[in-house]
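Reviewing the structure listed below.
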Amino acid sequence: MRSAPGGRVLNLDTLARLRRELHSPRTVRRLPVPEGMTAPLGCDAVAVPARFGPLVLPRLPRVGCVYADRAHWWWLVPSDSDYALEWPAPAQYAAGAIVPDAPAVPDLIHRPAGTFPYTPPIPLYLALCRVTGTTPSWSRPVVA
């Protein structure tokens with residue numbers, strides 16, 4: 001690791017996040033963390049087509065903030081919840097909880113009790129695998 005100008009330490013995670021931000025859309029619409037909640041782990045989001053939202057929701061043991069519009073539902077997850085996970089299609093992972101190409105920020109349709117906005121990523125991943133008929137990546141055969 002090396003100090004950047006100004007004393008910041010740049011590591012692989014920081015460089016990966018900076019690269020993602022270079023490719024983000026020009027009009028940035030970010031899912032907000034509701035007032036009174038804190039996101040100490042940062043925020044990313046997982047989006048699914050709206051038809052899957054009602055199928056995923058009851059399969060989760062804990063539901064964090066969920067946003068929706070007519071096209072998609074988004075779940076807030078801790079930053080870097082895509083590390084070593086292939087989210088099943090048609091799910092989309094949104095680093096920084098940025099909603100690409102949305103005319104407006106989607107509406108908050110679920111707010112959890114407490115102060116943390118997160119849906120745990122592994123149960124969300126498994127629920128999405130279930131409703132999309134996808135085998136979790138760690139259960140697939142290894143091909144040489």
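Being a predicted model, the structure only gives us computed values, none of them experimental.
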### Message
With a 4.5 Å cut-off on side-chain heavy-atom distances among I, L, V, M, F, W and Y, is there a chain of contacts connecting V48 to I122?
### Response
yes
### Task
Could you walk me through whether V46 and S81 pass the side chain to side chain contact (heavy atoms under 4.5 Å, CB included) test, one step at a time?
CA-CA 9 Å; V46 177; S81 291; 6.0 Å; no
### Query
Just wondering, more than 12 heavy atoms not from R130 lying within 6.0 Å of its CZ?
no
### Query
Are any non-hydrogen side-chain atoms of V77 and Y125 less than 4.5 angstrom apart?
no
Side-chain donor-acceptor contacts of residues 103-116 below 3.5 Å, not counting sequence neighbours, with atom names and distances?
{"residue": "H110", "atom": "ND1", "partner": "G64", "partner atom": "O", "Å": "2.9"}
{"residue": "R111", "atom": "NH1", "partner": "E35", "partner atom": "O", "Å": "3.3"}
{"residue": "R111", "atom": "NH2", "partner": "E35", "partner atom": "O", "Å": "2.8"}

### Task
Indicate yes or no: at least one non-hydrogen side-chain atom of L31 is less than 4.5 angstrom from one of C65.
no
Result block: side-chain N/O donor-acceptor pairs under 3.5 angstrom for residues 49-56, not counting sequence neighbours:
none

### Query
Can any side-chain N or O of R62 pair as donor or acceptor with the backbone N or O of Y118 at less than 3.5 Å?
yes
### Task
Look at the side chain of Y67 and the backbone N and O of L76, then say whether any donor-acceptor pair between them is shorter than 3.5 Å.
no
### Any side-chain heavy-atom pair of L128 and T134 under 4.5 Å
no
#### Entry: Nearest heavy-atom neighbours spanning P136 and L126
CG-CD2, 3.9 Å
### Message
In the structure I gave you, are the side-chain heavy atoms of S79 and D44 within less than 4.5 Å of one another anywhere?
### Response
yes
### Message
Taking side chain to side chain contact (heavy atoms under 4.5 Å, CB included) as the definition, give me every residue that meets it alongside L57, ordered by chain and number, with sequence neighbours left out.
### Response
V63, V66, W73, W75
